[in-house]
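The structure under discussion appears below in the form of structure tokens.
Below, read A as the first sequence line, B as the second, and so on, with proteins coming before strands; counting in each chain starts at 1.
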Amino acid sequence: MDYKFNEVEKKWQQYWRDQQVYKVDIDHSKPKYYVLDMFPYPSGAGLHVGHPLGYIASDIYSRYKRLRGFNVIHPMGYDAFGLPAEQYAIQTGTHPAITTDNNIARYREQLDKIGFSFDWSREVRTSDPKYYKWTQWTFIQLFHHWYNKDANKAEPISSLIETFEREGNTKINAACGNVDYFTADEWKHMDERRRQEMLMQYRLAYLDDTMVNWCPALGTVLANDEVSEGLSVRGGHPVERKSMKQWLLRITAYSDRLLEGLNTIDWSESLKEIQRNWIGKSTGGAMHFGLEGRNETIEVFTTRPDTIFGATFMVLAPEHELVEKITTPEQKAEVEAYVQRTKNRSERERMAEVKKVSGAFTGAYAINPFTEQKIPVWIADYVLMGYGTGAIMAVPAHDSRDFAFARHFGLPVVQVISKPGEAPSDPASWDESYDSKEGIAINSGFINGLEVKDAIEAVVAEAERRGIGRKQINYRLRDAIFSRQRYWGEPFPVYYKDGMPYTLPEDQLPLGLPPVDAYLPTETGEPPLARAKNWKTSEGYPLETNTMPGFAGSSGYYLRYMDPHNDERYFSEEAIKYWENVDLYIGGAEHATGHLIYARFWNMFLYDLGMTVHSEPFKKLINQGMIQGRSNFVYRIAGTNTYVSAGLKNQYEVQPLHVDVNLVHNDQLDTEAFRRWQPQFADAEFILENGKYICGWEVEKMSKSKYNVQNPDDLIEKYGADTLRMYEMFLGPLEQSKPWDTQGIEGVFRFIRKLWRLFHDENNKPDISETPATEAELRVLHRTIKKVEDDIERFSFNTAVSAFMICVNELNELHCRKREILQPLTILVSAYAPHIAEELWHLLGHTDSVVQQQWPKYKEEYLSENSFSYPVSFNGKTRFKLTLPVDMPARDVEKAVLEAPETAKYTDGKPVRKVIVVPNRIINIVI
RNA sequence: GCGGAUGUGGCGUAAUUGGUAGCCGCGCCAGACUUAGGAUCUGGUGCCGAAAGGCGUGGGGGUUCGAGUCCCUUCAUCCGCACCA
């Protein structure tokens with residue numbers, strides 16, 4: 001082997017570590033640039049080739065920015081709290097901290113082998129008390145702040161108390177729970193407990209009874225984004241709804257800012273759209289419907305107040321508090337049965353039956369305030385307690401769900417919107433409702449003839465005038481449940497006095513995680529921390545036994561990287577003023593509705609506190625695509641131990657079986673290795689084609705069970721880290737999902753060795769010429785500088801790799817071994833393949849690191865040509881080429897082409913109608 | 001159902017502003033070197049055709065001198081959300 005990549009890579013990794021070349025500090029003489037990778041959870045399985053994809057891209061970009069003169073912060077750390085280590089602890093009794101440390105060591109070893117330019121002196125771990133001190137600290141701040149909607153920011157609870165003392169709470173416009181109004185005098189006469197209960201309704205971190213996603217198998221609650229189709233995302237266990245007292249973060253206070261902020265950041269449109277849908281803002285009206293013979297009203301939320309004249313019945317969620325009160329004795333049995341049935345059904349069953357119409361009549365009637373008509377009140381589970389008011393006015397003519405319900409129970413349907421340009425028709429003849437927001441109001445009293453948009457405004461205005469409704473904005477976003485009944489997480493800095501929670505003084509942080517005898521709930525169902533001895537304050541007050549969820553520690557880690565060892569503050573003012581926020585964040589789209597929304601909220605809250613300098617934490621975000629696996633198959637003839645090659649498999653009845661991709665090369669199976677692989681294949685027989693056994697293949701998720709996992713360590717062993725880095729980039733655009741195909745890696749491997757040979761003679765002896773470069777050689781170099789630079793700037797890493805290949809191929813043809821060319825090329829390559837670049841850099845006679853050089857500047861003069869080979873097309877079809885000077889005026893080009901001998905052949909005697917000349921692009925002759 | 005993305009050779013892909021479709025690499029074919037090759041080097045390789053030539057960017061239609069790129073329509077695949085009133 002000419003290039004000994006294994007030795008070389010180890011040598012320079014050691015050198016970079018010893019010289020601390022990637023360590024950065026605040027340096028006001030240079031502009032800063034912050035490149036961040038998503039926080040990994042160190043799982044026991046280690047990395048597969050899909051994991052480092054984003055890290056490689058961000059590493060290339062970091063190195064590039066550094067060469068361009070930026071002071072680049074590029075940190076890495078671990079999201080170290082998490083369920084797998086705790087599950088392992090439950091099974092084996094091993095403390096999760098030990099498992100986590102082992103996994104981290106393994107991760108670090110794998111990461112180091114790839115040659116990343118991380119500043120490891122800034123490493124953080126969420127499970128480190130020095131780190132979670134600040135997670136706990138932020139929780140305390142959230143507890144002591146409320147959201148003032150008038151100021152549109154978080155303010156201290158102390159200011160709220162002052163206002164209560166002065167004038168009660170009637171004038172306060174806060175994001176808060178359901179509060180009764182009180183005067184200053186009433187406040188003063190409340191006891192401590194009552195006051196605390198009141199304040200709790202305002203806090204940004206608050207305790208409340210909520211319906212939660214309870215996962216019995218995991219013994220904990222899960223956030224909405226941790227549940228998918230009624231199963232836990234981690235582990236796939238069933239999840240049920242349960243009412244529990246939980247800590248919540250009032251993220252809904254920030255709904256509008258989270259939505260608006262999206263317009264100011266450079267994220268992919270699809271990701272922003274996912275967040276917009278998750279926040280789910282909808283504008284409409286709140287309307288009160290009176291009940292026949294009762295004083296209560298039913299409040300509904302609707303986005304279509306214009307259809308109120310078509311509201312022919314109402315539907316309450318089965319859990320609605322009015323259900324019990326208004327149900328008539330005759331209907332009681334039926335309603336109770338229905339409510340009971342809804343309660344017992346799991347989330348999963350409920351979702352599976354979305355299309356089934358069900359419901360029960362309460363026997364009560366409401367009055368439509370606009371038609372004055374008596375309309376029946378039903379309950380049905382298609383109305384959700386958790387959205388709006390848990391009650392709707394049903395407009396069957398213009399809402400498909402209401403339509404289905406009306407049809408099923410024989411309720412009246414009245415058309416109140418007519419399609420533009422169409423006459424109203426009898427709804428009895430309809431197959432579906434007319435849901436569109438286009439149309440004209442009909443059968444609707446005073447709004448008849450108005451367009452939908454105007455009708456909405458008119459109805460809302462009228463409702464306001466009559467005091468029965470108002471304009472209303474609703475969000476789908478829910479407050480974030482912040483309690484987990486788990487051990488391996490941050491303890492809450494909270495104790496209880498008379499049943500009310502209080503926060504610990506800040507100087508008592510961090511509140512460390514106590515040892516426990518088992519990582520399970522207690523017999524009475526309390527979380528594992530309840531097992532800890534002496535889990536109380538020095539005064540003897542009991543401490544909170546819940547712990548925080550995974551997103552607590554990952555919501556502010558990018559800030560802590562700026563000043564990771566500060567014991568006095570989360571991060572210093574100097575650090576935040578210099579590093580500001582993340583310029584480039586690379587990671588997976590799977591965090592769209594979790595981490596990426598919580599982190600924005602966390603940052604906005606700290607912004608309100610005056611701690612961060614930008615409201616948004618991540619300026620630009622790129623989602624790397626998934627690397628899928630490429631599985632190989634062998635085809636077993638049914639009932640035998642004979643395997644038929646893929647090309648012949650249609651002649652037999654076969655079962656495809658996954659085969660380990662490591663036994664296959666270029667889809668050709670190593671049959672001997674296959675026999676040795678598993679005992680059942682020891683005496684396998686093969687039916688070959690052309691003397692080979694060819695495997696089938698398919699693109700699937702990379703997973704152990706499919707035998708298609710590619711481990712970076714193995715590939716580095718075989719090809720080196722530089723080849724792995726370049727190949728991962730060469731695979732395709734960063735944002736696209738693509739299958740991992742090991743065959744292609746050979747091409748990049750060849751490139752690396754071709755590059756090496758450019759600096760060496762036939763005997764692998766360094767051979768660098770000091771002769772000045774020719775113009776042709778300079779053209780190759782400068783074209784490459786420009787291309788690679790442009791490509792990195794637009795994150796097109798794959799095309800830059802191809803530019804390097806073209807460059808090396810061309811220099812090879814020119815037999816160029818000149819320093820004037822090779823030296824700048826080495827710097828270009830160093831962003832992608834740092835190890836070979838560092839080796840070549842030293843081979844060129846330097847004693848400093850290639851990491852600290854300057855990106856070469858391309859010269860325009862070597863990019864322009866003096867002639868251009870025009871493609872000449874006839875009616876759009878290219879027929880021949882004509883080389884002309886680049887500065888020839890279009891008029892002369894036209895003349896030249898018409899005189900060209902080939903032209904006559906293609907005009908075939910027909911008259912030329914028009915000649916289009918685009919200078920230095922194309923000539924098109926129209927005949 | 002709603003929202004988003006993607007469809008280009010046998011495969012991964014390229015074409016940055018509407019201007020030569022297929023760069024680069026894999027694979028494949030042929031040749032050279034070689035004891036051997038899953039090494040290296042050279043040449044070829046979109047499809048049909050002996051060639052001339054024709055066809056060709058999921059399908060259909062349109063705008064244009066000119067469309068992978070713009071517009072309309074349709075199909076397929078993937079992802080996200082999903083009774084959100």
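Base pairing analysis places B:G49 opposite nothing; no Watson-Crick or G-U wobble pair with both distances below 3.5 Å involves it. Across all strands shown, B:A36 forms no Watson-Crick or G-U wobble pair with both distances under 3.5 Å. Searching all strands for a Watson-Crick or G-U wobble partner of B:A30 with both distances below 3.5 Å returns B:U42. Across all strands shown, B:G80 forms a Watson-Crick or G-U wobble pair, both distances under 3.5 Å, with B:C2. The base-pairing partner of B:U69, taking Watson-Crick or G-U wobble contacts with both distances under 3.5 Å, does not exist among the strands shown. The base-pairing partner of B:C24, taking Watson-Crick or G-U wobble contacts with both distances under 3.5 Å, is B:G12. Nucleotide B:G7 forms a Watson-Crick or G-U wobble pair with B:C75, both donor-acceptor distances falling under 3.5 Å.
Using C1' as the reference atom, B:G4 and B:A14 are 25 Å apart when rounded to the nearest Å. Atom C1' of B:A85 sits at a distance of 33 Å from the matching atom of B:A76, rounded to the whole Å. Atom name P, nucleotides B:U64 and B:U69: the rounded distance is 16 Å, in whole Å. Spacing of P atoms, B:A21 relative to B:G37, comes out at 42 Å, to the nearest Å. Here, B:G10 and B:G22 have their C1' atoms 14 Å apart, quoted to the whole Å. Taking the P atom of each, B:C47 and B:G9 are spaced 11 Å apart, rounded to whole Å. Annotation: B:C33 and B:G49 have their P atoms spaced 34 Å apart (nearest Å). Taking atom P on both B:G58 and B:A15, the two are 16 Å apart, rounded to the nearest angstrom.
Using a 4.5 Å cut-off on side-chain heavy atoms (C-beta onward), A:Arg753 and A:Asp2 make contact. Between A:Phe751 and A:Phe730, the closest side-chain pair of non-hydrogen atoms is not below 4.5 Å. Residues A:Thr799 and A:Asp790 form no side-chain contact, since every pair of their non-hydrogen atoms from C-beta on lies 4.5 Å or further apart. Considering only heavy atoms from C-beta on, A:Arg725 comes within 4.5 Å of A:Ile60 through its side chain. Looking at heavy atoms from C-beta onward, A:Leu259 lies in side-chain contact with A:Arg276 at the 4.5 angstrom threshold. Looking only at side-chain heavy atoms (C-beta outward), A:Ser645 and A:Leu688 stay at 4.5 Å or farther from each other.
Among the atoms of the strands shown, base atoms are found under 4.0 Å from some heavy atom of A:Lys718. Among the protein residues, A:Arg757 comes within range of the sugar-phosphate backbone only, with heavy atoms under 4.0 Å from sugar or phosphate atoms but none that close to a base. Residue A:Arg913 is out of contact with every strand shown, counting any heavy-atom pair closer than 4.0 Å. Looking at heavy-atom distances under 4.0 Å, A:Ser282 makes contact with sugar-phosphate atoms alone, never a base. Residue A:Val383 is classed as a base contact, given a heavy-atom separation below 4.0 Å to a base. Using a 4.0 Å heavy-atom distance criterion, A:Arg879 is classed as a sugar-phosphate-only contact. Nucleic acid contact class of A:Asn809 (heavy atoms, under 4.0 Å, all strands): sugar-phosphate only. The residue A:Gln668 sits apart from the nucleic acid: no heavy atom pair falls under 4.0 Å. Within 4.0 Å of A:Val918, counting heavy atoms only, lies at least one base atom of the nucleic acid.
Here B:G19 is the nucleotide among B:U20, B:C24, B:G19 with the atom lying nearest to any side-chain atom of A:Ile916. Of the listed nucleotides (B:U20, B:G25, B:G12), B:G25 has the atom at the smallest distance from the side chain of A:Met805. Distance from the side chain of A:Gln743 is smallest for B:G27 among the nucleotides B:G27, B:U20, B:U40. Of the candidates B:U20, B:C83, B:A85, the closest approach to any side-chain atom of A:Thr303 belongs to B:A85. Across B:U20, B:G12, B:C65, the shortest atom-to-atom separation from the side chain of A:Phe730 is found for B:G12. The side chain of A:Phe301 lies closest to B:A85, out of B:A15, B:G19, B:A85. The side chain of A:Thr302 lies closest to B:A85 when the candidates are B:C65, B:A85, B:C11. Distances were taken from every side-chain heavy atom of A:Lys754 (C-beta onward) to each of B:C81, B:G25, B:U20; the shortest belongs to B:G25. Of the listed nucleotides (B:U20, B:A14, B:G4), B:A14 has the atom at the smallest distance from the side chain of A:Thr799. Closest approach to the A:Trp697 side chain among B:G25, B:C11, B:G38 is made by B:C11 (side chain taken as heavy atoms from C-beta onward).
For A:Arg750 and B:U40, the shortest distance from a side-chain N or O to OP1 or OP2 is below 4.0 Å. Taking 4.0 angstrom as the limit, A:Arg753 places a side-chain polar atom (N or O) nearer than this to OP1 or OP2 of B:U40. The side chain of A:Asn798 contributes an N or O atom lying less than 4.0 Å from OP1 or OP2 of B:A14. Checking the phosphate oxygens (OP1, OP2) of B:A21, a side-chain nitrogen or oxygen of A:Thr878 falls inside 4.0 Å. The side chain of A:Arg476 places an N or O atom within less than 4.0 Å of a non-bridging phosphate oxygen (OP1 or OP2) of B:A82.
No donor-acceptor pair closer than 3.5 Å links the side chain of A:Tyr3 to the backbone N or O of A:Arg757.
Rounded to whole Å, the distance from CG on A:Asn623 to C1' on B:G4 is 12 Å. Per the geometry, CG belonging to A:Leu271 stands 14 Å off P belonging to B:G4, to the nearest Å. Straight-line distance from the CG atom of A:Asn632 to the C1' atom of B:G27: 14 Å, rounded to whole Å. Distance A:Asp2 CG to B:C41 C1': 13 Å, rounded to the nearest Å. If you measure from atom OH of A:Tyr832 to atom C1' of B:C24, you get 13 Å, rounded to the nearest angstrom. Rounded to whole Å, the distance from CD on A:Glu813 to P on B:G43 is 7 Å. When rounded to the nearest whole Å, the span between CH2 of A:Trp756 and P of B:U40 equals 17 Å. Going from atom CD of A:Glu319 over to atom P of B:C83 covers 13 Å, rounded to whole Å.
With its glycosidic angle more than 90° from 0, B:G59 is assigned anti.
Remark: A:Glu299 engages A:Arg470 in a salt bridge, criterion side-chain N to carboxylate O under 4.0 Å.
In this structure, a donor-acceptor pair under 3.5 Å is present between the side chains of A:Trp756 and A:Asn764.
Mapped onto RNA chain B by nearest heavy atom, A:Ile274 and A:Arg304 fall at different nucleotides, with A:Ile274 at the one closer to the 5' end. Residue order along RNA chain B, read from the 5' end via each residue's closest nucleotide, puts A:Ser873 first among A:Gly386 and A:Ser873.
With hydrogens and angles left out, the side chain of A:Lys787 and the base of B:U16 share a donor-acceptor pair within 3.5 Å.
A centroid separation of 6.0 Å or more is found between the aromatic rings of A:Phe674 and A:Tyr693.
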